[in-house]
Amino acid sequence: MSESIVAKPTKILRTALTIFGFGVAVGFVALMFAPVLMSENDALRIGLNVSLLVGVGWLFFTSGAGRGESDAASDALRKKSGVETDALFYSRRRTALGALIGAAPWILLGAAVAILAVPYTYSLQDLPPWLGSYMRQPDIGNALAYYDREVVVPIIDWLRMALRFALLPYVYLLAAGGDAASYHFDKLSFLPPLIMPALYSAGYLLGPAQYAKTSKYIEQVKSKPRLRLKKSAVRKRAQKQPDGERNRLI
């Protein structure tokens with residue numbers, strides 16, 4: 001049986017939405033716990049963010065494995081029912097394509113940031129409000145006039161903010177690296193969005209093996225009562241026979 005990508009477009013869309021939704025959820029969780037994940041204690045910050053990334057990676061992996069097992073079980077059920085079709089539920093290609101589509105928004109943002117990234121430079125901060133009354137004095141206002149220029153936020157800053165929402169745990173890990181680390185992260189920011197979808201696809205590959213293991217376990221559980229009933233029947237027959245009949249050699 002050949003795998004058909006066109007046969008199950010809804011599966012591709014469902015996988016893509018799952019991957020994208022997980023990415024958004026991770027961003028919200030990292031944002032909610034930002035005060036802890038951005039701790040000034042390096043050991044605590046690294047430990048918490050690594051733990052979060054490992055936990056998220058395990059979630060993606062097990063979710064993919066669960067989906068793979070479910071698809072393999074559906075194919076096995078249809079085979080037992082005598083349904084012959086080339087459109088299998090289990091498909092590595094459709095899952096990989098769906099995972100890639102789900103990660104595509106972050107990958108494209110990362111590629112744009114990598115292309116537009118430039119080394120970080122210092123920019124003037126806003127003046128405190130209490131200086132407003134002094135700005136009308138020439139000796140003070142003229143010296144601070146440069147602060148009144150209109151600042152246009154570059155497009156890369158908006159793209160970077162949108163991308164880093166989904167990559168906050170990675171950003172927190174590099175928080176102590178300064179501008180140099182942030183610049184290098186920008187140049188490679190299209191790579192982290194690939195990690196979790198790859199783990200989902202890797203877990204999906206284990207679906208058939210997981211289904212076979214589960215089926216074997218279920219068969220073993222079912223066979224134990226039958227074995228006990230068989231032994232019980234043999235014991236009852238033996239008890240009904242006279243001692244001489246049981247011990248007689250044939």
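This chain uses plain numbering: 1 for the first residue, then up along the sequence.
Under a hydrophobic-cluster definition in which Ile, Leu, Val, Met, Phe, Trp and Tyr are linked whenever side-chain heavy atoms come within less than 4.5 Å, directly or via other members, I156 and L108 are assigned to different clusters. Linking ILVMFWY side-chain heavy atoms closer than 4.5 Å, directly or via other members, places V24 and I195 in a single hydrophobic cluster. One hydrophobic cluster, built from ILVMFWY side chains closer than 4.5 Å, cannot hold both M161 and L188; they sit in different ones. With hydrophobic clusters built from ILVMFWY side chains whose heavy atoms lie under 4.5 angstrom apart, F33 shares a cluster with V50. Using a 4.5 Å cut-off between side-chain heavy atoms of Ile, Leu, Val, Met, Phe, Trp and Tyr, with links allowed through other members, L159 and V118 fall into different hydrophobic clusters.
Taking all atoms of both residues into account, the shortest heavy-atom contact from V26 to P169 is CG1-CG, 4.2 Å. Contact detail for A117 and K187: the closest heavy-atom pair is CB-CD, 3.7 Å. When every heavy atom of Y183 is checked against every heavy atom of P119, the shortest pair comes out as CE1-N, 3.5 Å.
Here the two rings, on F61 and Y200, have centers that are 6.0 Å apart or farther. Taking the six-membered ring for Trp and the full ring otherwise, F190 and W106 have centroids separated by 6.0 Å or more.
The main-chain N or O of S70 is found under 3.5 Å from a side-chain atom of S74 such that the two form a donor-acceptor pair. Under a 3.5 Å cut-off, the side chain of R45 and the backbone N or O of Y172 do form a donor-acceptor pair. The closest donor-acceptor contact from the side chain of D75 to the backbone of Y90 lies under 3.5 Å. The main-chain N or O of A76 is never found under 3.5 Å from a side-chain atom of Y211 such that the two would form a donor-acceptor pair. Judged by distance alone, with hydrogens and angles left aside, the side-chain atoms of S189 form a donor-acceptor pair with the main-chain N or O of D186 at under 3.5 Å. Side chain of R67 to main chain of T95: no donor-acceptor pair is present (N/O by atom type, distance under 3.5 Å, no hydrogens or angles). Counting only distance, with no hydrogens or angles, the side chain of T62 and the backbone of L59 share a donor-acceptor pair below 3.5 Å. Looking only at distances, a side-chain donor or acceptor of S201 sits under 3.5 Å from a matching main-chain atom of P197.
Side-chain contact between F60 and I19 is present, with heavy atoms from C-beta onward closer than 4.5 Å. Residues L100 and I107 have side chains in contact (heavy-atom distance under 4.5 Å, counting atoms from C-beta outward). Side-chain contact between S215 and Q210: absent, with no pair of heavy atoms (C-beta onward) separated by less than 4.5 Å.
For NZ of K213, the number of neighbouring non-hydrogen atoms (other residues, nucleotides, ligands) closer than 6.0 Å is 12 at most. Annotation: F28, atom CZ; neighbour count of heavy atoms from other residues, nucleotides and ligands within 6.0 Å does not exceed 12. Within 6.0 Å of CZ on F165 lie more than 12 heavy atoms contributed by other residues, nucleotides or ligands.
Atoms CG and CD1, on L116 and I155 in that order, are 8.5 Å from each other to the nearest 0.5 Å. Here the CZ atom belonging to F185 is positioned 6.5 Å from the CG atom belonging to L163, to the nearest 0.5 angstrom. Rounding to the nearest 0.5 Å places CE of M38 at 9.0 Å from CG of L168. Note that CG of L53 and CH2 of W58 are 16.0 Å apart. Values are rounded to the nearest 0.5 Å. Atom CZ of residue R94 and atom CZ of residue F89 lie 9.0 Å apart, to the nearest 0.5 angstrom. Separating the CZ atom in F22 from the CG atom in L199 is a distance of 12.5 Å, to the nearest 0.5 Å.
Looking only at atom types and distance, the side chain of D71 has a donor-acceptor partner in the side chain of Y204 under 3.5 Å away.
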